[in-house]
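Comments concern the structure below.
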Amino acid sequence: MIDLKLVQKQPHILAGVLADRHCDIDVGEFLVLDKRRRALLAEVEAMKNRRNTASGQVAALKREGEDTTAMQAELGALAERIRALDMEAGQARADVEAWLMRVPNIPDGSVPKGKDETENVEVVRWGEIRVFDFSPAEHGDIGVRLGGFDFERASRLAGSRFVCLRGWAAKLERALVNFFLDQHAANGYIEINPPFIVNSAAMTGTGQLPKFEEDLFALRGREQYLIPTAEVPLTNLYAGEVLDGELLPRAFCSATPCFRAEAGAAGKDTRGIIRMHQFTKVEMVRFAHPEDSFNQLEIMRGHACRLLELLELPYRVVTLCAGDMGFSSAKTYDVEVWLPAQAVHREISSCSNCTDFQARRANIRFKPRGGKAVFLHTLNGSGLPTGRTIAAILENGQQKDGSVRLPKVLIPYMDGVEVIEPPKQP
RNA sequence: GGAGAGGUAGCGAAGCGGCCAUAACGCGCCCGACUCGAAAUCGGGUUGCCCCGGAGACGGGGCACGUGGGUUCGAAUCCCACCCUCUCCGCCA
């Protein structure tokens, strides 16, 4: 949620921002709603003031044994009017709130303008792109051929966009999770194993609700949802709390399954394991001092990139333009790994500084030394999803004989296995 | 799932229709005194949000006792629903 005062005092700035984001929210509508809210509030508060003082008088008179029935009758009528007006004022307040909850975060000044992914700006390119002396296969085909991906049985169990990882692939996923978590622990992240189901308050805190409910898997008959990313439980860990300012920045990581309805993704990325309803991801979340958060974003992006370097996977980093950024983010770097079969860079990590946007929604504050509690800044980044990492490993490590050479750094995690060989028997 | 107890300031906790919400009392924290310094002791201070006014230190008002309703002139206090925590029972990896 953006700052109410900013909208009130500088509506033109917000209007410009919303235009940059290609978002069709009308700021004028807010000004009308807010004006009405304030007028009703002033009116009902004046009435409540009268009621409060008069009720005190009733008490005083009763103590002296005086008759107060006439006064009570009069106040009863006032109470009726307060009830009605209070309802109206409450609705006006809810209208303003609802409007605010659908406004995205304000892009940082360093974010390039632009409408979609074609206008993102490349900032880093790393690694040598391998030249193949054969035509590189797609990861989905490699995974199936090597007996690691079973799409058919998964879809029989659950539907489309699910996969069963089998044998070496299941183990590779575990290896990656452990490798990632070990790296994060070395970088000072505290590992959390959170609930994979959260309530609507948590989803609202990070910005999935109220606007993006159709992207979530909801539990029938309950105000609960499957998490689309560990960002949700991690960022909401300290919801409603005031943290000690001396302890910032704080860093947390978590390996969880992620569940996404992928509504509106029909026909997109249908091959392989790039876009699944369920996938495993290690997530990084940082809580930072407002003046330090953009520096923290660089640090976190560095952590994501380092993982790819250790895995010997070529990548590039782009700064997302305003029109391509997520709802809660003020600045996002996408890290894109090289997939040789299609000769494209595909998003593998998204690192965002959400500034105080989520902190305000989830009410996460910190107390500076000797100061008042203020909203802190939240950041999140993938570090990394296992599925897309496996895809990159398979495509980049494939050999002419159909086998796949694993990155050296994973060999200890794979009990010494260096190469995935085609199965002798299916 | 059943029974009971409970949710009040940073923490513990009192209050159980108006005289108790800038919320008793205790702890913590901040300032000061004493001290070479510290501990101990003593004195003072210490909730948040919203609206109106003010350039501002501030002033006026409202709201908040888990959440949402209800009863009442008036609700932390009475009633209803829901959420959460603890204890016991049941079930269970």
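So you know, we letter chains A, B, ... as the sequences are listed, proteins then strands, and number each from 1.
From A:Ser328, atom OG reaches atom NZ of A:Lys211 across 10.5 Å, with rounding to the nearest 0.5 Å.
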Output a table of donor-acceptor pairs, distance under 3.5 Å, between side-chain atoms of residues 191-203 of chain A and any protein atom two or more places apart or on a different chain; print 'none' if there are none.
| residue | atom | partner | partner atom | Å |
| --- | --- | --- | --- | --- |
| A:Asn199 | OD1 | A:Ala201 | N | 3.2 |
| A:Asn199 | OD1 | A:Ala202 | N | 2.9 |
| A:Ser200 | OG | A:Glu223 | OE1 | 2.9 |

If you look only at distance, which donor and acceptor atoms sit under 3.5 Å apart when one is on a side chain in residues 173-181 of chain A and the other is two or more places apart or in another chain?
| residue | atom | partner | partner atom | Å |
| --- | --- | --- | --- | --- |
| A:Glu173 | OE1 | A:Thr386 | OG1 | 2.8 |
| A:Glu173 | OE2 | A:Thr280 | OG1 | 2.6 |
| A:Asn178 | ND2 | A:Arg174 | O | 3.4 |

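OP1 or OP2 of B:C52 lies within a sub-4.0 Å distance of a side-chain N or O belonging to A:Arg38. Within the structure, a side-chain polar atom (N or O) of A:Asn52 is placed less than 4.0 Å from OP1 or OP2 of B:G62. Within the structure, a side-chain polar atom (N or O) of A:Asn49 is placed less than 4.0 Å from OP1 or OP2 of B:G62.
Of the possible polar contacts, one joining the A:Asn236 side chain to the A:Val232 backbone as a donor-acceptor pair under 3.5 Å is found. Although no hydrogens or angles enter the test, the distance criterion places no donor-acceptor pair under 3.5 Å between the side chain of A:Arg50 and the main chain of A:Leu75.
Residue A:Leu41 contributes atom CG, which lies 13 Å from atom P of B:G53 at whole-angstrom precision. Straight-line distance from the CZ atom of A:Arg36 to the P atom of B:C51: 17 Å, rounded to whole Å. We find that CZ of A:Arg50 is positioned 14 Å from C1' of B:G62, with the value rounded to whole Å. Atom-to-atom, CG of A:Leu61 to C1' of B:G18 comes out at 12 Å; the value is rounded to the nearest Å. Rounded to whole angstrom, the span from the CZ atom of A:Arg365 across to the P atom of B:U47 amounts to 14 Å. Per the geometry, CZ belonging to A:Arg37 stands 16 Å off P belonging to B:C63, to the nearest Å. Atom CD in A:Glu241 sits roughly 16 Å away from atom C1' in B:A9 (whole-Å rounding). When rounded to the nearest whole Å, the span between NZ of A:Lys9 and C1' of B:C51 equals 13 Å.
Shown here are the salt bridge (charged side-chain N to carboxylate O under 4.0 Å, His left out) partners of A:Arg275, two or more places apart in sequence or in another chain: A:Glu262, A:Asp269. Under the salt bridge (charged side-chain N to carboxylate O under 4.0 Å, His left out) criterion, A:Glu241 pairs with no residue, sequence neighbours left out.
For B:G12 and B:A39, the C1' atoms lie 25 Å apart once the distance is rounded to whole Å. Straight-line distance between the P atoms of B:G6 and B:G66: roughly 13 Å, to the nearest whole Å. Comparing the C1' positions of B:C80 and B:U71 gives an interatomic distance of 11 Å, to the nearest angstrom. Across B:U47 and B:A21, the matching C1' atoms stand 10 Å from one another, rounded to whole Å.
A ring-centre distance under 6.0 Å is found for A:His277 and A:Phe217.
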> Tell me, for nucleotides 64-82 of chain B in 5' to 3' order, what letter each nucleotide earns: B for a base near a protein heavy atom under 4.0 Å, S for only sugar-phosphate near one, - for neither?
Replying inline: -------S-BS--------
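Where pairing requires Watson-Crick or G-U contacts shorter than 3.5 Å, the helical stems of RNA chain B with at least three consecutive pairs are B:1-7 with B:83-89, B:10-12 with B:25-27, B:28-33 with B:41-46, B:47-53 with B:58-64, B:66-70 with B:78-82.
Both tests hold for A:Arg286 against A:Tyr189: distance to the six-membered ring centre under 6.0 Å, angle to the ring axis within 45°.
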